[in-house]
Structures are given as structure tokens and as C-alpha cells.
Amino acid sequence: MAHLFLVKDIAFQAGLSSATVDRVLNGRPGVRRQTEMRVRAAIAELEKQQAGAMGSGRMLAIDIVMETPQRFSDAVRAAFEAEMATFLPGVFRCRFHFTEVMKPAELVQLLDRIRLRGTHGIVLKAPDVVEVAAAVARADAAGIPVVTLVTDLPNSARIAYAGADNRAAGETAAYLIGEFLGDGGGKVLVTLSSGRFRGEEEREIGFRRVIRARYPDIGITEISEGHGTDAATGTLAAAALAADPAINAVYSIGGGNRAVLAAFDMARRPVRVFVAHDLDADNRAMLAARRIGFVLHHDLRSDARSAFRAIMSRAQASGRAIPASLSSVEVITPYNMPAGD
């Protein structure tokens with residue numbers, strides 16, 4: 001396997017031990033195919049990052065850790081890779097750890113492993129639970145800055161939050177749905193990936209507040225713990241529709257939108273208005289096809305920029321990070337959809 005990199009650099013990028021990487025590179029037996037693919041992917045990632053290469057600046061190697069559906073992690077990866085080039089010659093190298101569903105204990109183990117291996121910073125999308133906050137505190141005590149991404153851990157030792165104002169996003173969704181449904185009322189299916197994420201909880205709080213205050217004739221039915229995956233979310237949506245014939249609108253906080261629409265189709269039920277989050281590939285296609293009405297979008301590249309700046313601030317000054325500014329929420333329709341990357 002031809003390459004121009006040190007074994008320890010490939011191991012860092014792949015999240016494997018140097019001994020394992022050495023076995024792969026030298027074609028020794030006893031290596032799983034999946035491990036070999038991770039090493040190949042790490043080398044390809046290093047080659048791509050080297051294309052922007054360093055000049056005389058300092059390299060900051062950071063870890064992006066997320067529990068999220070692949071459609072969103074793909075969008076995040078693209079945003080961080082696009083932003084890396086703008087920070088030359090102070091080059092960032094990003095190692096991505098994306099999992100659709102992860103138990104808190106597994107996430108904590110990953111964070112501790114990253115801390116022990118060494119990193120210049122961690123960008124984290126994780127549930128707001130005590131175990132994760134403790135792992136963040138251990139990283140901070142080791143001199144590793146942690147920036148939360150799109151969902152916050154406000155009671156942790158994180159140095160900054162990079163993302164949108166989630167409560168305002170929920171309020172915006174309530175306004176769109178309330179004005180669309182009008183005096184006819186109805187019932188909104190609110191879908192969360194999990195109740196463990198602070199960002200999703202804040203969106204729901206904002207949504208319920210405005211519906212209760214301004215649109216009291218509109219009801220709410222909530223489903224949760226589908227983790228944004230199509231199979232689980234679709235099953236939950238189908239059960240909710242079977243139980244409540246009044247549901248005629250959707251506010252999708254946690255994703256799985258194709259499955260939610262499929263549940264309505266199977267039940268032969270119309271969706272009067274559908275508000276979703278994030279311009280991932282699925283939502284772009286459904287918005288263009290008029291299957292969903294609005295997407296609440298914020299610029300992930302702006303979030304990546306805020307995260308990079310916070311980590312650079314800590315690395316350069318060993319002091320408090322620059323507060324990350326909240327990225328603005330845009331209401332996207334089929335007529336103002338920005339071009340894809």
C-alpha cells in the first residue's frame with residue numbers, strides 16, 4: 001500500500017494503533033477487511049489534506065465526534081473540509097468519528113481514547129448527559145479544548161458552542177406552520193431523533209411556546225428515539241398516524257423525513273405543511289419535489305469556521321476562546337434553495 005506518511009500519522013487519522021497500521025501496510029495476516037479499508041481511507045484523507053499543504057504554519061490536528069445520521073454527517077464533513085483550506089498556512093487536519101447511534105458509554109470511551117492518544121481539539125455533537133460532560137471535563141483538564149456543534153452541552157467544560165439558536169429555530173417553525181394552517185387548526189407531528197440532545201429539546205421548547213401562545217387550536221403529537229434513521233422513525237410515524245386521524249402537519253426536528261412521508265403515503269393521508277431542518281441531500285431532493293414545504297437551514301461552514309477559530313484561540317493564547325457567534329437560521333423554499341457544494 002503505497003504512501004508518503006509516517007505510520008503514527010496514518011494511525012492517528014484512522015483511529016487505530018501504530019502496530020495495527022503497520023500490519024496492514026506490510027500485508028501481514030490476521031487483519032480484517034474493515035480495518036484495511038480504514039487504513040486506505042486514512043491515507044486518502046491525508047493525501048487530500050496535503051494538497052492544501054502546510055507552508056510554514058502550525059498544524060492543528062482535531063477530532064470531529066458526532067452521533068448523527070449519515071446524511072447529516074456527510075454535510076458536516078463537506079463543510080469542515082471546505083473550511084480547512086481557508087485557514088492556510090495554519091492547517092487543520094480533521095479526523096472524523098461519525099456514528100448513527102451510539103450508547104453514552106461508547107461515546108465516553110471514544111472521547112477518552114482520543115484524549116489519551118492526543119489531539120489539539122475536539123468538535124463534539126453529543127447527548128447532554130452527565131457521563132459525556134465528565135468526559136469533556138477530563139479533556140479540558142488535559143488541555144484539550146472541546147467545542148460543541150449544533151447541539152450544546154452548556155453545563156460542561158466546553159469552550160464554545162458552534163451552531164444556530166435552536167430555540168429561535170423552533171419558534172420559526174411554529175410561525176410557519178401556524179400561519180399555513182390558519183384558523184382551520186389541525187395537529188402537528190413533531191419528530192425528535194432523541195430526547196437526549198439539548199439542541200433538539202430547545203427547538204421543541206421554542207415550537208411549543210409559540211404554538212401555545214399564538215395558535216392554541218393546533219395540537220401537537222411527539223415521537224422520539226428514532227435516532228433520525230428511516231426504519232425506526234418510519235415505524236414511530238406510522239404508529240402515531242394510526243392512533244390519531246387529526247395529524248395533518250409535520251415539524252421534523254430529528255430527521256428521517258423520507259420515512260415520515262412514506263408513512264403518510266401508506267396511510268393515504270395528506271400533509272398540509274412539512275417543516276424540516278438542514279439542507280442535506282435528502283431534504284434538497286424532497287424540497288425540489290415539493291414533498292416538504294420549508295427547510296430551516298443554517299450554514300455549516302460558518303459553524304466549522306467558529307469551531308476552528310475557538311480552537312485556534314486556545315492554541316495560540318492558552319486563554320479563553322473567542323465566543324462563537326450563532327449562525328443565522330434561513331427559511332428555504334424551492335425558490336431560494338442555494339446551490340449545492
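- A donor atom on one side chain and an acceptor atom on the other are not found under 3.5 Å apart for D299 and S327.
- Proximity of F207 to I177: side-chain heavy atoms (C-beta onward) are separated by under 4.5 Å at one or more points.
- Around the CZ atom of R117, the shell of radius 6.0 Å holds more than 12 heavy atoms that belong to other residues, nucleotides or ligands.
- Within the 4.5 Å cutoff, the side chain of F72 has heavy atoms near those of the L300 side chain.
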Would you check, one step at a time, whether the test side chain to side chain contact (heavy atoms under 4.5 Å, CB included) holds for V250 with F264?
CA-CA 10 Å; V250 177; F264 275 88; 3.5 Å; yes
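- Of all heavy-atom pairs between I247 and A240, the closest is CD1-O, 3.7 Å.
- The shortest side-chain heavy-atom distance between M37 and Q34 does not fall under the 4.5 Å cut-off.
- Panel note: side chain H120, backbone A61; a donor-acceptor pair is recorded below 3.5 Å.
- Here the side chain of R301 pairs no donor or acceptor atom with the backbone of A78 at under 3.5 angstrom.
- Counted within 6.0 Å of CD on Q70, heavy atoms from surrounding residues, nucleotides or ligands total 12 or fewer; the atom is thus considered open.
- Remark: L149 CG to I64 CD1 distance equals 8.0 Å, nearest 0.5 Å.
- The two residues T20 and S17 come nearest to each other via the heavy atoms OG1-OG, 2.8 Å.
- Between the side chain of R71 and the backbone N or O of G228, at least one donor-acceptor pair lies under 3.5 Å.
- Note: I292 CD1 to T333 OG1 = 11.0 Å, rounded to the nearest 0.5 Å.
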Taking it one step at a time, do D63 and H97 satisfy side chain to side chain donor-acceptor pair (under 3.5 Å)?
CA-CA 7 Å; D63 290 80; H97 311 265; 2.7 Å; yes
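- Annotation: side chain of I43 is in contact with side chain of I10 (closest heavy-atom distance under 4.5 Å).
- F197 pairs by the ring-ring contact (aromatic ring centres under 6.0 Å, His included) definition with nothing, not counting sequence neighbours.
- Scanning both residues, I144 and G121, for their nearest heavy atoms gives CG2-CA, 4.0 Å.
- Judged as a salt bridge (Lys or Arg N to Asp or Glu O under 4.0 Å), the pairs with a partner in residues 11-25 (not counting sequence neighbours) are, in order, D22-R28.
- Taken from OG in S156 to OH in Y161, the straight-line distance is 12.5 Å, to the nearest 0.5 Å.
- Residue A310 comes nearest to V147 through the heavy atom pair CB-CG2, 3.9 Å, listed as atom of the first residue, atom of the second, then distance.
- In terms of modelled atom types and a separation under 3.5 Å, the side chain of R290 and the main chain of A288 share a donor-acceptor contact.
- For K125 (side chain) and E67 (main-chain N/O), a donor-acceptor pair under 3.5 Å exists by modelled atom type.
- Side-chain contact annotation: E200 with S194, donor-acceptor N/O pair under 3.5 Å absent.
- A donor-acceptor pair is defined here as one N or O able to donate and one able to accept, closer than 3.5 Å; such a pair exists between the side chain of T235 and the backbone of A231.
- Its side chain outside the 4.5 Å cluster rule for every partner, V101 clusters with none of the Ile, Leu, Val, Met, Phe, Trp and Tyr residues.
- We find the NE2-CG distance between H297 and N336 to be 10.0 Å, quoted to the nearest 0.5 Å.
- Of the N and O atoms on the side chains of D303 and S306, not one donor lies less than 3.5 Å from an acceptor on the other residue.
- Closest approach of T68 and S73 over heavy atoms only: CG2-CB, 3.6 Å.
- Scored by the salt bridge (charged side-chain N to carboxylate O under 4.0 Å, His left out) test, E225 finds no partners at all (sequence neighbours excluded).
- With sequence neighbours left out, the salt bridge (charged side-chain N to carboxylate O under 4.0 Å, His left out) criterion links D128 to R198.
- Looking at E201 and R167, no side-chain N of the basic residue comes within less than 4.0 Å of a carboxylate O on the acidic one, giving no salt bridge.
- The ring pair (Phe, Tyr, Trp, His ring centres under 6.0 Å) contacts involving residues 268-292 comprise Y251-H277, where partners must be two or more places apart or lie in separate chains.
- Minimum heavy-atom separation, P245 to A243: CD-O, 4.0 Å.
- The closest side-chain heavy-atom distance from V65 to F96 is not below 4.5 Å.
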May I have the step-by-step check of side chain to side chain contact (heavy atoms under 4.5 Å, CB included) for L192 and I223, ending in yes or no?
CA-CA 6 Å; L192 289 81; I223 60 174; over 6 Å; no
Show every donor-acceptor pair shorter than 3.5 Å between a side-chain atom in residues 181-189 and any protein atom, with sequence neighbours excluded, or say none if there are none.
residue, atom, partner, partner atom, Å
K187, NZ, D244, OD2, 2.7

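- For the pair R93/L60, no side-chain contact is recorded, criterion being any heavy-atom separation below 4.5 Å from C-beta on.
- Under the ring-ring contact (aromatic ring centres under 6.0 Å, His included) criterion, Y175 pairs with no residue at all, not counting sequence neighbours.
- Placement of F92 and M66 within a single hydrophobic cluster is found when ILVMFWY residues are connected by side-chain heavy-atom separations under 4.5 Å, directly or transitively.
- Donor-acceptor pairing under 3.5 Å is lacking for the side chains of N283 and D278.
- With respect to the salt-bridge test (charged N to carboxylate O, under 4.0 angstrom), the residues R33 and E36 qualify.
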Could you go step by step and tell me if L279 and I332 meet the side chain to side chain contact (heavy atoms under 4.5 Å, CB included) rule?
CA-CA 9 Å; L279 273 180; I332 305 298; 4.2 Å; yes
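- Not one N or O on the side chain of D165 forms a donor-acceptor pair closer than 3.5 Å with the backbone of S328.
- Under the salt bridge (charged side-chain N to carboxylate O under 4.0 Å, His left out) criterion, E171 pairs with R209, sequence neighbours left out.
- Taking 4.5 Å as the limit, every side-chain heavy atom of D230 sits out of range of all side-chain heavy atoms of V260.
- Residues D282 and N257 fail the side-chain proximity criterion, which asks for heavy atoms closer than 4.5 Å.
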Where do F308 and I62 land on the side chain to side chain contact (heavy atoms under 4.5 Å, CB included) test, with the steps shown first?
CA-CA 9 Å; F308 284 152; I62 66 174; 3.4 Å; yes
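- Residue pairs meeting the salt bridge (Lys or Arg N to Asp or Glu O under 4.0 Å) criterion with at least one partner in residues 265-274, sequence neighbours excluded, are D265-R291.
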Show me the donor-acceptor pairs within less than 3.5 Å that the side chains of residues 131-142 make with the rest of the protein, sequence neighbours left out.
residue, atom, partner, partner atom, Å
R138, NE, D112, OD1, 3.1
R138, NH2, D112, OD1, 3.3
R138, NH2, D112, OD2, 3.0

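- Residue R309 holds its CZ atom at 8.0 Å from CD of E83, rounded to the nearest 0.5 Å.
- No cation-pi contact links R95 to F80, judged by a cut-off of 6.0 Å to the six-membered ring centre and 45° from its axis.
- Applying the side-chain hydrogen bond (donor to acceptor under 3.5 Å, both in side chains) definition to pairs two or more places apart or across chains, those involving residues 144-153 are T148-D152, D152-R158.
- Rounded to the nearest 0.5 angstrom, R258 CZ and T233 OG1 are separated by 14.0 Å.
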